Amino acid sequence: MKTHKRWPAGRTLLAACVLTAMAPKAMAYPAEVMSSVPVEQIIAPQLKTMQATLDEILSAETETGTAVVQSGDKITTAITEAARTQREADNFNRQADRLEKARTAYTVPDSICTESASGSAAQVSQATRSAASKLAGGSGVSNRVVRDTLASLPVAPRQGGYRSALVHANYCTKEEAALYGGTSLCPGVSSLPGGDTEVRSLYDGAGERGKDPELTFTQAQTDAAMAYVNNSAKLDAGRAPGKGEIQTATGQEYQGLLTQYNAMQSAAMQPQLDMVAASQPQDATREALTEARQAPSADAYFQQTASDQAKQTGAMSEREFEAFEVGRRYANTEWVKDLQGMDGDNLLREMARQQSLANWLAMGIKNELRQANIISGQQLALAAKEQYAPQLQAQSAQLSAGVTTK
């Protein structure tokens, strides 16, 4: 290590003054320091160290920034992808909803034929009307005595009573059997007691008292119902005249009165004939029932309510057919479940079917009212005849005698 000799401060000052005095006009020259030991050995190394540290810090910050930017890009990409996926899922769901609504609204169900049996209603009605006219003459009745009674011309009241007694032997009640059982007029208690005397034979079908109503009659129930019609509406007021008798003036007058009576009798019988005919199984219902029962709700109602005759033959009467069509929608909880699954046009179609059924039933009611009005008019005519006939006959006798009174 070098050592420097230090000069006293006084000498230094003195040397400065001498130099000043000797060169009063001396000029200043620039000087460049070429090296500095402290700078080179102490400061410069420290600066290099700081520079390296700063470079490391910059590199670390650069790497950190790059990582942050890359992470941000990844997050942005993930968010963008998630949003795109969600949009695609939403679009798919909306498209699926539109397709389902279109399918529900415009697709005709495979069970369209099972939704309503209205296609057979007209055929069933026509077959019933035809059966009513046949029953009036005894066609479709298996009991010989009942059939012959319906087909025969009017007989004397005594003979008519005798035939009714013979018919009733097939419908003897428990009470009658207790009185005169074992006779030809009551061999024993019938399986259809009171079938020819009780009106329930028309409404619910003949049978034991307390049985379930049956809207489709068996052949035996049909015979009993027609026996009731004969006893209640086809009453014998007088016999038909013979060939020789009818050629006389009295015979012609008698036949005229009998003809008028028969016309009134026909009107009295018709509502009952219609009821019996509407209780006959109709083949026209067979196909409609087969299609309708493809719907589980309709088949469940059929099993619960159908008559034994309908279950055995697969055919219903007009009465039971209409009751089935109405009941399987109103009195059937399974149909309520079907209704819950309907919307759009399918629901509108179901409402239209119900309205159409109501219209059909209303038309039937209208037709029955017309028949009732006809009968009411005939009753009015009979009442008028009873009121005015005696007066007119009295006036007619006076006219014939030429009598005038004031």
Side-chain angles (χ1 to χ4, degrees), residues 128-141 143 145-168 195-203 222-243 245-280 364-397:
T128 298
R129 299 297 300 168
S130 176
S133 61
K134 294 178 181 179
L135 286 170
S139 178
V141 179
N143 187 294
V145 179
V146 177
R147 183 175 63 250
D148 293 345
T149 300
L150 292 170
S152 69
L153 292 174
V155 296
R158 290 186 61 184
Q159 185 177 354
Y162 177 73
R163 290 194 305 190
S164 294
L166 289 179
V167 170
H168 186 69
D196 64 334
T197 58
E198 298 183 12
V199 71
R200 62 187 179 91
S201 295
L202 294 178
Y203 300 144
T222 299
D223 292 347
M226 290 306 299
Y228 178 83
V229 173
N230 182 73
N231 286 335
S232 61
K234 196 175 187 301
L235 303 177
D236 294 304
R239 64 178 179 85
K243 185 176 181 179
E245 295 172 331
I246 203 172
Q247 295 179 1
T248 64
T250 303
Q252 293 177 5
E253 181 182 1
Y254 179 86
Q255 181 60 37
L257 292 174
L258 187 61
T259 300
Q260 295 176 1
Y261 174 76
N262 289 337
M264 294 295 178
Q265 187 183 75
S266 175
M269 291 178 61
Q270 193 60 47
Q272 298 187 40
L273 292 173
D274 290 342
M275 178 67 78
V276 178
S279 303
Q280 302 302 299
I365 295 173
K366 180 179 179 180
N367 292 334
E368 291 183 358
L369 288 175
R370 285 174 173 172
Q371 295 181 14
N373 290 337
I374 292 173
I375 296 176
S376 296
Q378 292 171 339
Q379 290 175 341
L380 178 61
L382 291 175
K385 179 181 179 181
E386 183 178 357
Q387 176 69 27
Y388 291 99
Q391 301 178 37
L392 291 173
Q393 290 174 2
Q395 292 293 328
S396 176

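For clarity, every value in this text was computed on a predicted model and none was experimentally measured.
The two residues A268 and Q272 have their closest heavy-atom pair at O-NE2, 4.3 Å. For M275 against S279, the heavy-atom pair with the smallest separation is O-OG, 2.9 Å. Taking both residues in full, the closest heavy atoms of V155 and G160 are given as CG2-N, 3.7 Å, listed atom of the first, atom of the second, then distance. Considering every non-hydrogen atom in both S201 and A225, the closest pair reads O-CB, 3.8 Å. For the pair L235 and Q265, the tightest heavy-atom approach, listed with the atom from each and the gap, is O-NE2, 2.7 Å. For the pair L153 and A240, the tightest heavy-atom approach, listed with the atom from each and the gap, is CB-CB, 4.1 Å.
Taking CE from M264 and CD from Q379, the interatomic distance works out to 9.5 Å, rounded to the nearest 0.5 Å. R239 CZ to Q159 CD: the interatomic distance, rounded to the nearest 0.5 Å, is 10.0 Å.
Judged purely by atom type and a 3.5 angstrom limit, R147 uses its side chain to pair as donor or acceptor with the backbone of V141. Proximity of a side-chain donor or acceptor of D223 to a complementary backbone N or O of N143 within less than 3.5 Å is detected.
Under the rule for a salt bridge (Lys or Arg N to Asp or Glu O under 4.0 Å), the partners of D274 that lie at least two apart in sequence or sit in another chain are R129. Residues that satisfy the salt bridge (Lys or Arg N to Asp or Glu O under 4.0 Å) test with R163, not counting sequence neighbours, are absent from this structure. Checked against side chain to side chain contact (heavy atoms under 4.5 Å, CB included), N231 has the following partners two or more places apart in sequence or in another chain: S164, D196. Here N230 pairs with nothing under the side chain to side chain donor-acceptor pair (under 3.5 Å) rule; sequence neighbours left out. Among residues two or more places apart in sequence or in another chain, the side chain to side chain contact (heavy atoms under 4.5 Å, CB included) test is passed with R370 by K366, N367. In terms of the side chain to side chain donor-acceptor pair (under 3.5 Å) criterion, S130 has no residue partners (sequence neighbours excluded). Applying the side chain to side chain donor-acceptor pair (under 3.5 Å) test to Q252 and every residue at least two apart in sequence or in another chain returns nothing. Here T149 pairs with nothing under the side chain to side chain donor-acceptor pair (under 3.5 Å) rule; sequence neighbours left out. Scored by the salt bridge (Lys or Arg N to Asp or Glu O under 4.0 Å) test, E368 finds no partners at all (sequence neighbours excluded). Under the side chain to side chain contact (heavy atoms under 4.5 Å, CB included) criterion, A278 pairs with T128, E318, R319, sequence neighbours left out. Partners of P271 under the side chain to side chain contact (heavy atoms under 4.5 Å, CB included) rule, at least two apart in sequence or in another chain, are I375.
Considering only heavy atoms from C-beta on, K234 stays 4.5 Å or farther from V229 through its side chain. Residues L273 and M226 meet the side-chain proximity criterion, which asks for heavy atoms closer than 4.5 Å. With contacts defined as side-chain heavy-atom distances shorter than 4.5 Å, the pair L258/P241 qualifies.
Heavy-atom neighbours of Y203 OH from other residues, nucleotides or ligands within 6.0 Å: at or below the threshold of 12.
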